[in-house]
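Okay, so here's the structure we're looking at.
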Amino acid sequence: MRIRSVISALALVLGALFAPGFGVLSTATDAQAATKISHATATSMFRSSGITWSSSGGCSDRNNPTCTSFDQLNLDTAKGAQTLRSASGCGLNITGGTETGHAGGTYSHWNGYKLDFGKATCVNNYVKNVFTYIGVRGDGAPQWQSGAGNIYADEGNHWDVTFYNCGGC
């Protein structure tokens, strides 16, 4: 009986260590746990905060790279945009969302973690004066990190923002 108790206890410990979302050896990521929202929900949230959006194709089809789609956007990403708008007082125009055509990866546009914002003096000054410069990304884009940990990359004609959280919403 004693060996059986030890084996049962060991099984419970190993199960906890390897269960998704738990334990130090887990491979679960925040990407798996994010709450996804629809395009309609996102546009309603943005509209209520005075955030605008545009697309070169004038469309919202997630599978068309010339569209700006918010389908499968993370709720925290939408809230992060709202937080940026309210904290900065700047007008924001989203030029890229979850549509195909962006770089891949766990914290990608497609997976709902990123939004692109058009460059404007107000938001440029806010990011560069309030957030911490953290160096250049692998592609050479200079980056700033908010106090909440979100990353703002200056890609020349727009800001590529990775929202790991809602930025203190």
Side-chain angles (χ1 to χ4, degrees), residues 20-21 26-120 122-128 130-132 134 137-139 141-169:
S26 174
T27 60
T29 65
D30 291 338
Q32 295 168 332
T35 300
K36 304 295 184 178
I37 60 174
S38 68
H39 182 83
T41 298
T43 57
S44 177
M45 291 174 69
F46 297 148
R47 193 175 290 114
S48 74
S49 296
I51 298 170
T52 60
W53 58 96
S54 57
S55 77
S56 59
C59 50
S60 62
D61 180 353
R62 179 168 160 82
N63 295 303
N64 182 336
T66 66
C67 296
T68 298
S69 175
F70 305 124
D71 280 333
Q72 297 298 303
L73 188 68
N74 294 340
L75 178 59
D76 276 353
T77 300
K79 287 181 177 180
Q82 290 178 307
T83 300
L84 175 62
R85 169 75 172 104
S86 64
S88 69
C90 299
L92 297 177
N93 183 57
I94 301 170
T95 59
T98 60
E99 65 281 349
T100 190
H102 299 279
T106 300
Y107 298 102
S108 64
H109 282 272
W110 184 261
N111 287 336
Y113 285 90
K114 287 188 169 200
L115 290 172
D116 289 340
F117 295 95
K119 296 284 279 298
C122 181
V123 72
N124 298 349
N125 289 340
Y126 182 81
V127 169
K128 292 178 180 181
V130 174
F131 300 150
T132 303
I134 59 170
R137 202 167 58 183
D139 63 0
Q143 301 176 104
W144 285 261
Q145 186 171 36
S146 73
N150 298 321
I151 306 291
Y152 293 70
D154 183 346
E155 292 191 342
N157 64 349
H158 68 273
W159 288 100
D160 177 72
V161 183
T162 308
F163 291 98
Y164 297 106
N165 57 64
C166 67
C169 59

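Residue numbers count from 1 along this sequence.
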Discussion item. Test your reading of the model: is there a side-chain donor-acceptor pair from Arg85 to the backbone of Ile51, 3.5 Å cut-off?
Written reply: no
Fill in: Closest heavy-atom pair and its distance - Ser108, Ala103
CB-O, 3.6 Å
Item to complete: Please assess Arg62 against Trp110 for the test side chain to side chain contact (heavy atoms under 4.5 Å, CB included), listing each intermediate value before the final yes or no.
Response: CA-CA 9 Å; Arg62 179 168 160 82; Trp110 184 261; 3.0 Å; yes
Fill in: Residue pair Ala153 / Gln143: nearest heavy atoms and the distance that separates them
CB-CG, 4.2 Å
Worksheet item: Is there a side-chain contact between Leu115 and Leu73, using heavy atoms and a 4.5 Å cut-off?
Response: yes
Discussion item. Once you measure the plane-to-plane angle for Tyr152 and Phe131, does it fall in the parallel (<30°), tilted (30-60°) or perpendicular (>60°) bin?
Written reply: tilted
Discussion item. Just so I know, are the side chains of Ser54 and Thr68 near enough to count as touching, which here means a heavy-atom distance under 4.5 Å?
Written reply: no
Discussion item. Just to verify, which of Val130, Val161, Val127, Ile134 counts as forming a side-chain contact (heavy atoms from CB on, under 4.5 Å) with Trp144?
Written reply: Val127
Worksheet item: Sub-3.5 Å donor-acceptor pair from the side chain of Lys79 to the main-chain atoms of Gly168, do we have one?
Response: no
Fill in: OG1 on Thr100 to NE2 on His109, rounded to 0.5 Å
11.5 Å
Response to the item:
Contacts of Asn125 meeting side chain to side chain donor-acceptor pair (under 3.5 Å) (sequence neighbours excluded), chain-then-number -> none
Item to complete: Check whether any side-chain heavy atom of Ile151 sits under 4.5 Å from a side-chain heavy atom of Gln145, and report yes or no.
Response: yes
Worksheet entry | Residue pairs fulfilling salt bridge (charged side-chain N to carboxylate O under 4.0 Å, His left out) with at least one residue in residues 159-169, sequence neighbours excluded | Lys114-Asp160, Arg137-Asp160
Worksheet item: Which word best sums up how the rings of Phe70 and Phe46 line up, parallel for under 30°, tilted for 30 to 60°, or perpendicular for over 60°?
Response: perpendicular
Item to complete: Please tell me if the side chains of Asn74 and Lys36 come closer than 4.5 Å, counting only heavy atoms from C-beta onward.
Response: yes
Discussion item. Test your reading of the model: is there a side-chain donor-acceptor pair from Asn165 to the backbone of Ala148, 3.5 Å cut-off?
Written reply: yes
Fill in: Smallest separation among heavy atoms of Ala141 and Glu155, with atom names
CB-CG, 4.4 Å
Worksheet entry | Min side-chain heavy-atom separation Val123-Trp159 under 4.5 Å | yes
Worksheet item: Nearest heavy-atom pair of Glu99 and Asp61: which atoms, and what distance?
Response: CB-O, 4.2 Å
Discussion item. Checking the side chain of Ser44 only, and the main-chain atoms of Ala40 only, is there a donor and an acceptor separated by less than 3.5 Å?
Written reply: no
Practice prompt. Ignoring hydrogens and angles, state whether a donor on the side chain of Thr52 or Asn93 is under 3.5 Å from an acceptor on the partner side chain.
Written response: yes
Discussion item. Quick one: does any side-chain atom of Thr98 pair with a main-chain N or O of Ser69 as donor and acceptor, under 3.5 Å?
Written reply: yes
Discussion item. Let's go through Asp116 and Thr95 carefully: what are the C-alpha distance in whole Å and the side-chain angles of both, what is the deciding distance for side-chain hydrogen bond (donor to acceptor under 3.5 Å, both in side chains) to 0.1 Å, and is it a yes or a no?
Written reply: CA-CA 5 Å; Asp116 289 340; Thr95 59; 4.8 Å; no
